[in-house]
Structures are given as C-alpha cells and as structure tokens.
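Chain A is the first sequence line, chain B the second, and so forth, proteins listed ahead of strands; every chain is numbered from 1. Side chains are part of it too, since the values below use all heavy atoms of this structure and drop only hydrogens, waters and symmetry mates.
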Number of protein chains: 2
Amino acid sequence: MVARRSSKRGTIQEVARLAGVSPATVSRVLNNHPRTSPETRRRVLDAVAQLGYVPDHTARSLKTGNVGEIALAVPDIGNPVYVAIAKAVHEVAARRGWWLSLISTEGSQTEELRALRALAGNRIDGLIITSLTVSQAFLRALEPVQGRVVVIGRVPDETPVDNVRVESEVGAKLAVEHLIDLGCQRIGFINGVQGTVPSTSRIEGYRLGLASRGMEYDPKLVVESDFTIMGGYEAIDRLLEQAPDLDGVFAANDAMAIGVLRRLRERGIRVPHDVAVIGMDDIDLCRIATPTLSTVTLLAAERGRIAGELLLDRIEGRAQGEWQRVTVLPRLIVRESTSLLRVERVGPPHQDPNVGRQG
Amino acid sequence: MVARRSSKRGTIQEVARLAGVSPATVSRVLNNHPRTSPETRRRVLDAVAQLGYVPDHTARSLKTGNVGEIALAVPDIGNPVYVAIAKAVHEVAARRGWWLSLISTEGSQTEELRALRALAGNRIDGLIITSLTVSQAFLRALEPVQGRVVVIGRVPDETPVDNVRVESEVGAKLAVEHLIDLGCQRIGFINGVQGTVPSTSRIEGYRLGLASRGMEYDPKLVVESDFTIMGGYEAIDRLLEQAPDLDGVFAANDAMAIGVLRRLRERGIRVPHDVAVIGMDDIDLCRIATPTLSTVTLLAAERGRIAGELLLDRIEGRAQGEWQRVTVLPRLIVRESTSLLRVERVGPPHQDPNVGRQG
DNA sequence: CTGTTAGCGCTTTCAG
DNA sequence: CTGAAAGCGCTAACAG
C-alpha cells in the first residue's frame, strides 16, 4: 500500500496570504466564530472560493482531537437485518451532524478487532458493533475504548459499554406458542449455525415455548443449517425425513423460512394448510413471499436507532453516567403462512415499539 | 456536534521514555524499518504492550500524507445491486491492504458532493462513486479530485476520471429480443423513474430491441414506476389496463419484475404460459422467485471489482496514463419466467464475464 | 543502529 | 476584531 497526497488544494496559509489576513483569521471565518468583521469575512471567503480551498481534515482532527465520524461494523451488509440497522443509525448520525461509515467484518473476529483498533487509534470517534460471537478477545478489546463504543447484541453484565439487546428467546417462544395455539402438534425447528449467540437463544426460546404449553421436546424435530435461504431450503428436507408428521415449522430467521416455503411448494405441501411456517426478523421479503410470511420482529431498525443515540449521547458528552443496557421486546406478526384464513391481521411493523430501559 | 478525544492510550513519547529510547526508534520499530536491533525492538514492543499504546492515526496521516482508506458511495445500501458492488470492492480493498468504508448517499446530490468534499479534504485517499444523475455540479466537483476517484456509471467522454460502465441499452435490447424470439408479439415495458440515467438507457434499449425485429413501438405498452418490488406490483395493473393483449413484460430491474410476478400470480395469469417476464440485474432473488426469473445481468460484482482495481492502481501510483474507460457487456440469463419448458438453461452467473477495455 | 530536529496543516490561547 | 506563536502526535531526513 503506497500513496501520497496528490491534490494540493492549497493551505490555510495561502488563503491567508491571498486574503491579506492571518491564518488564524481564515480559521475563524471558516469555523463561524462570532467575532469576525463582515468585510474580512468576505475577503476570506473570496480567497477560499478562488483557490478552491478545502481544509485538510487530518490536520484539523489532529488539532481538535476529534474526527466527526462514527462507524458501524456489521458481519454482513448483504443481510437485510443489518441493512435495517444501518439505515437507522445513518438517519440518527445525519440528523446529529455526524459522518457515518459502514464496515463489513464478514463475521471475522480479526476484522472486528481491526475496527476496535481503528477506534483506539482515533481513526473514528465512536463505533457501533454487532458481533455474532462475543469472544474473550473481543471483550478485552472493548476495555481501552470505553465510552466510545456501543455493542448491539448481548454482552456480559460487567462489560464496560453501552449495550442494546433484544430478548430473542422471548421472540422464539412467541413464535412457537403461536403455532401451538393455531393447533399445531408437531413443530419442527430449523436453527442456524450452532454456537453463535443467536442460535443459542433461539433454541432456548423454542424449548420454553413448548414447555409453556405442556408439550415435550423431541430432538427429531430439530435440525441445523446456516442462516440463508438455501440453508432453509435444504434443511426442511432433512426435517421432513426425521419427522414426516410435521405440521408446523419455526425457522430461526426469515431467510431460512423463505427457503422452507419455496421447498414446500415444490414438494406440493400446502402452507399453512398442511404445514404452518413462521420465521423471525421481519425482513421486507416476508411481505413478498408466497404465502406472506408470519414472523417475529426483532426490531432491527429500532435497535439501530437506539444504538446511534446512545453512542452519540456518550461521545457528545451528554451522557456521563452508568453503562446503559437497553432491551427491546420482540413482537409477533401474523401473516398468511400461519393463518388459515389467509388474512393479514396486523398493521405496519416498527411502530409503537416496546422498549424497556434499565440502568 | 461536540466531542473530545477521550481515551488517551499514551503517546509515542511515553512509549519511548518507558523503553529508554527515542520516539524515532519507536516509530521505526512500529513501522518495521529494516535497521532496528532485536534487543531494542523487544524493549519497544514490551513498552507498547505494557501501555496498550495504539498510534494516533490522525497524526500519522498528517505526517505521511495518506490515510490508508478508500470509500464507496452508493445511493442505497438496501439495493442488492449495490451490495454486490460493495462486496466486490471490499474484497479488492482488503486484498490490497486498504481500509474500505461505505457511504450511503440516499440518492441525494448533497451527500454525493459531501463525499467528494471528504476526498478533497483528505479524509479519505480515494473514492468510488455511483451517481444516478450525474449533474453539472457533480461533474464540476470531480475536477479537484482527479486521479483519486472512480465513477461507476456513464460520464461524458472528457470527464477527468477513471470510469466503469455497462452497456445497459444492449442489455435491454437483449431482453426484448429474447422475448420476441420466444414468440411474444405484444411486449410491455415497465420503466423506472424517468430522467435518471438507467431509465433513459433502458427505454432506448427497449426500442432498439423492437426495431431490430421489425416490431413497432407502441406507447400503450409502456408505463413508469419506481425501481422497487412494489413499483412493479402496481405498474403491471396499469399496463394490463392499457394493453390487455400483453404477452410479454420487460421490467427495468429485477425488483420490479418480481413485483410483476407476484401480481400476475394473484390475478391468475400464468408465467410464462400467458405472459413471459424478464427483468434486469440478476439479483439473488431471481433464483428464489416463483417461477425463477429470467434476466439480463449487468455484472455488478464485476464492475465493483474493476472499479476497485482502477482506483487502487491510480492512488498507489501504478497507473499514470490516460483516464480509463472500462465497459462491461450484459449477458442474457434464461430461467423459468421466459422458458416454456421451465428448465433453467444457464450455468452460474458472473463467470466468464465479457469485459471490453478501451484507452 | 539510533537520536536530534523539523514540520505536516490546522486551531487556539494570549496579546494587542 | 485580528495577529503571533505554540503545538496536536507522528515520521523522516540528517547526523552521528
């Protein structure tokens, strides 16, 4: 990696010389300081325009000690859930005058640590990061950047960061209970990659849901795959082989559920008549799928918005106190895939979110 | 916007003092200069570890004149086409040791100019930008940052930038010719928002396709909407009203085409038997849709890869010559929505791309 | 192989 | 209201 600053658009010195003032005055004009005479101001701005001068951001940052930029690091920008988070954070950042850049970590811990290091090295002022694994190394790397990072996803209680989380067990429980209340007796569960935080909480919610309605857990009803459409597509075949009497499926995310819908259609199995299907996340595709897909929203946009506010409150110095733990509560969204009437029973998502806040 | 550098992880001075060497030596060790004794090296690294020192990126950048970062600015990170471009650029950047950040301009020209200004102010070293409109203001803003920016999308010949483009007229023509060769006589066209560069080239390709097979252009067969699934969904109704004898539809992008498929299914119109449908872009959803969607790929990933290489070649100083104009050629991908046999006739996309290069 | 010195371009006291 | 001067933290000659 080699590079040299190519385009020299002039320095504040040259602007000062051209305007017949000192560099300090140019700086004051450009930063809208109160005490500058209109006449000087005009001369400076003329000179700036004439030279096409743009202040060097690097020098400015070194001097002032901040760069005016935050970043959002996500495992996969192709995932609609992270896109929703990104859009929400972007909205907050723009409104509050901050520059936001996105970093795609591709789920690699090395990349996550790199983002944290960028923060430590003052390449950015703040960071919102979503990690799938939350390793020890990751937690250790949070220490030195306290007060400038927000984690989306669960971290241990004592971790010195602001944190936004969602009770996804509760969400999984809601989904399973919904299927049972619909009359399903044999509910299959397609989980994502084992060992990740999301998959662990979903299987727990699945068990809780069964238990709450007095049904027994049957390992034959559970398969694992990855969190993609194709993952769901191939997993449902294995599931049906293990449990041909299946009458309901809970998929760990909407992408997998959509793969399930597609495969079931191919096999001539009617949804929801023969098998009811529910996913989790509430991505846009749910409303496009055939049949439209019931799901449990995990309020991605809402979490993004909150994370953005928390981070900026912190680095703008508005928030000084304890580390925040904000938890959002999932909500069931019923659509055709679990509705024998094939009627959408629910309004638009993401409104009136249930948000609980605790110290 | 207020912020102050919070976490002081120490300076190079402090490391030097602790290690009993000069700051210059610390700098040398950290930058892997050839001439450093193993002993000194060890002492320095110990001190670094002990303090948890991370070099200040801002100071380093100011001194060296580069920041090691490029950015990709796209109109909408929710659009799969831009995601494909982003992933490809990311891959190139990572391989060549550069940091990539994403900027979402939301299609706003202000945001585009802001990205260009960030480049001018050396916040980043290089920029890849995709603009839907390419206004005069935009072109003017390219001047001062020559040699550090690559535009994806057509720009006037004399524009002083490296440029990656796709012959989307040819793509649209291919799509229409394919429908005609299939036996379609009345081919509707659903275009995106009028006045944008993409929509202009698509309507032109549509006309070219008709002309090349000796068919006449009928304004009744054309409607406009926006480039979204819902846009296609509502547009097909209008189109069918204007032209009930429709037997083929070309949608200006896959998202719209998928909306069309959905609406046709609702109305009991069979695809491809009653109406054949083709889109453009080749997003992942094409393979998931029912029926699977024929399309014309515009090689988004390929364009992203090329743009990344061009930019880095330029700012690494490997490319010094004329401005590059790289043009990629669209390719037809036939799937069920235009296949009476309902057989996928084509291999995986994005391999063996046709790429033409000219001075 | 290592230390000294200068300075990247900007903002910000402190005088005036 | 404006100028002079200092210095943010780092790297890169240039000596030694």
Original post:
Rounded to the nearest Å, what distance is computed from the CG atom of residue Asn66(B) to the C1' atom of nucleotide dT11(D)?
Top reply: 12 Å
Original post:
What's the CZ-P distance between Arg17(B) and dC10(D), to the nearest Å?
Top reply: 12 Å
Subject >> By side-chain contact (heavy atoms from CB on, under 4.5 Å) - contacts of Asn79(B) (at least two apart) >> reply: Asp76(B), Val81(B), Tyr82(B)
Subject >> Rounded distance (Å) that lies between atom C1' of dG3(C) and atom CZ of Arg43(B) >> reply: 13 Å
Original post:
Does Thr40(B) put a side-chain nitrogen or oxygen below 4.0 Å from OP1 or OP2 of dC1(C)?
Top reply: no
Original post:
For Arg60(A), what residues pass the side-chain contact (heavy atoms from CB on, under 4.5 Å) criterion, not counting sequence neighbours?
Top reply: Asn31(A), Thr64(A)
**OP:** Take the C1' atoms of the five end pairs on each side of the helix from dC1(C)-dG16(D) to dG16(C)-dC1(D), get both axes, and report the angle to 10 degrees.
**Re:** 30°
Subject >> Crowding at CZ, Arg43(B) (>12 non-hydrogen neighbours, <6.0 Å) >> reply: yes
Original post:
Can a salt bridge be assigned to the pair Lys87(A) and Glu91(A) using a cut-off of 4.0 Å between side-chain N and carboxylate O?
Top reply: no
**OP:** Could you state the atom-to-atom distance from CG of Leu62(B) to P of dA12(D) in whole Å?
**Re:** 12 Å
Original post:
When the distance from CG of Asn122(A) to C1' of dC8(D) is rounded to whole Å, what number comes out?
Top reply: 11 Å
Subject >> Salt-bridge criterion met for Glu302(A) and Arg305(A) (N-O under 4.0 Å) >> reply: yes
Subject >> Contact letters for nucleotides 10-16 of chain C, in which S counts primed atoms plus P, OP1 and OP2 and B counts the base, heavy atoms under 4.0 Å >> reply: BBBB---
**OP:** Could you pull out all residues at least two apart from Ser131(B) that satisfy side-chain contact (heavy atoms from CB on, under 4.5 Å)?
**Re:** Glu112(B), Thr133(B), Val134(B), Phe138(B)
Original post:
So, Ser22(A) and Thr25(A): side-chain donor and acceptor under 3.5 Å apart, yes or no?
Top reply: yes
Original post:
Which residues pass the side-chain contact (heavy atoms from CB on, under 4.5 Å) test with Glu158(B), sequence neighbours left out?
Top reply: Pro156(B)
